[in-house]
Visitor: 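Below you will find the structure I want to go over with you.
Residue numbering restarts at 1 for every chain, and letters A, B, ... go by the order of the sequence lines. Quick caveat, the model's predicted, so the values are computed rather than measured.
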2 protein chains.
Amino acid sequence: MKVTPMQQSLISHFGEMGSRWGLNRTLGQMYALIVLTEAPLNADQISDALLISRSNVSMGLKELKSWNLIRLHHIPGDRKEYFSAPQDIWEIARTLIIERRKRELDPTLTTFRNALLEKPSNSADEYTQQRVQDMHDLMEMVTIWSTELQNMSSEKLSTLLKLGSGISKIIDAKEKFLKK
Amino acid sequence: MKVTPMQQSLISHFGEMGSRWGLNRTLGQMYALIVLTEAPLNADQISDALLISRSNVSMGLKELKSWNLIRLHHIPGDRKEYFSAPQDIWEIARTLIIERRKRELDPTLTTFRNALLEKPSNSADEYTQQRVQDMHDLMEMVTIWSTELQNMSSEKLSTLLKLGSGISKIIDAKEKFLKK
DNA sequence: TACACTTTTCAGCAATTTCTGAAAATTAAA
DNA sequence: TTTAATTTTCAGAAATTGCTGAAAAGTGTA
């Protein structure tokens, strides 16, 4: 399993960025390799290409599975497991949104709700609850959005994103419409 | 500087989540404390409240400054520096979007563009470039969106988010309109 | 069932990140 | 200026995270 120079530079970059994401270097590299290679890969090929141990690949694949980012294939006459990324880049994006929400937002929303259920016993807690309420409301809306995106087809998601700078105008139009 | 139990549990949670974000535990705790406390705080108070060294607070504040997440105050007759978070939670959200884009998206977009400028010398690179192109297009749209959000007032941002599940209908309406 | 092949687990080592105390630098009042 | 208060820097210690090889577990074929 050899990697072209072009692929190598992309893999390295994903490795460096991996840590800025919730992933780590190796996971970033592994996913870059899988995404950029047309044919599904087995664990030994990944281990080869990235010069990391077979067991590390196994753990990485486990993590990628838990993120729902890879698909499993079987090749007739070969007992090894082969992995690929979804063809549709929008599907990958959608998965990332869902999984990051699960990990980054949901637990916090729960903590906020618990804090809001308590009775403030002094003015410091009153202020605290007020701020928690604000953060809660914002996060809840983001969650609703992400659920919405989750159920959107790639086509619709694409349309929405292409709206880009048009979005402001749409809001204006809506405001106007409602006021009339 | 004492922290109420309610504040303490929120601070701990932010600490744990801090690592899932690009921050780290201490940074998460520091920002929770600053956000949840009404009066601006000085470094010694933060050090006290969170039981971390003064120098660690100094480094944390430096980081929070670089993220544009805190405001500096001076109290007459006091030489210490006091820090607070913006009152408007939407402003904080906007800042986070901008800063995360800078750190998580922009460098990758540059790498993608460089890869697309190269001439593919074999079919593996052809496939690679095709996938990079897809990812590039998607990321560019996300970037445009985030620029849009960056320039939106808190009110407008709020309206947009409240749109929530209405967004699908708006897209449908727009599609229909364009086709007629 | 026995077997060869493949994947997973995990204890311990390695690398990285985070934190601290001491010292240096900065700041502003006297 | 000098001095005292405050903030910042940074080398090394501590803690955390990541990686490996060896062994265990799992899987399908004969």
Visitor: Indicate whether OP1 or OP2 belonging to D/dT9 is found under 4.0 Å from a side-chain N or O atom of B/K62.
Guide: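 Yes, B/K62 has a side-chain N/O under 4.0 Å of OP1/OP2 on D/dT9.
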
Visitor: Would you say A/K65 places a side-chain N or O within less than 4.0 Å of OP1 or OP2 belonging to C/dT7?
Guide: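 For A/K65, the contact criterion (side-chain N or O under 4.0 Å from OP1 or OP2 of C/dT7) is not met.
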
Visitor: Whole Å only: how far is the CG atom of B/L64 from the P atom of D/dT7?
Guide: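 Taking atom P of D/dT7 as the reference, CG of B/L64 is at 15 Å.
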
Visitor: For residues A/E16 and B/P107, determine if any side-chain heavy atom of one lies less than 4.5 Å from a side-chain heavy atom of the other.
Guide: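 No. Closest side-chain heavy atoms not under 4.5 Å.
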
Visitor: Would you mind building the protein contact string for nucleotides 13-30 of chain D? One character per nucleotide, 5' to 3', B for base within reach (heavy atoms under 4.0 Å), S for sugar-phosphate only, - for untouched.
Guide: -----SSBBB----B---

Visitor: With a 4.0 Å cut-off on N to O distance, would you call B/K62 and B/E81 a salt bridge?
Guide: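 Salt bridge absent between B/K62 and B/E81.
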
Visitor: D/dA5 C1' sits how many Å from B/N42 CG, rounded?
Guide: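 Between C1' of D/dA5 and CG of B/N42: 13 Å.
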
Visitor: Evaluate whether atom CZ of B/R100 has more than 12 neighbouring non-hydrogen atoms of other residues, nucleotides or ligands under 6.0 angstrom away.
Guide: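 Enclosed: over 12 neighbouring heavy atoms sit under 6.0 Å from CZ of B/R100.
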
Visitor: Rounded to whole angstrom units, what separation is found between the CD1 atom of A/I46 and the P atom of C/dT6?
Guide: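 Distance check: A/I46 CD1 to C/dT6 P gives 15 Å.
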
Visitor: Would you mind reading off the distance between A/L61 atom CG and C/dT6 atom P, rounded to a whole angstrom?
Guide: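 About 15 Å, once rounded to whole Å.
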
Visitor: Just the rounded figure in Å: distance from P of C/dT16 to CZ of A/R20.
Guide: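 Those two atoms, CZ and P, are 16 Å apart.
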
Visitor: Rounded to whole angstroms, how far apart are CG on B/D44 and P on D/dT8?
Guide: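 Interatomic distance, CG of B/D44 to P of D/dT8: 12 Å.
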
Visitor: How many Å lie between CD on A/E63 and P on C/dT8, as a whole number?
Guide: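 Between P of C/dT8 and CD of A/E63: 13 Å.
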
Visitor: Pick one: which of B/I52, B/I46, B/L50 meets side chain to side chain contact (heavy atoms under 4.5 Å, CB included) with B/T26?
Guide: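 Answer to the side chain to side chain contact (heavy atoms under 4.5 Å, CB included) test with B/T26 among B/I52, B/I46, B/L50: B/I52.
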
Visitor: Once you round it to whole Å, what is the distance between C1' of D/dT6 and CZ of B/F83?
Guide: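 Going from CZ in B/F83 over to C1' in D/dT6 covers 11 Å.
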
Visitor: Thinking salt bridges, do A/R71 and A/E91 make one under a 4.0 Å N-O criterion?
Guide: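 The answer is yes: the pair qualifies as a salt bridge.
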
Visitor: Any idea which heavy atoms bring B/G28 and B/F14 closest together, and the distance?
Guide: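 That would be O-CB, 3.6 Å.
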
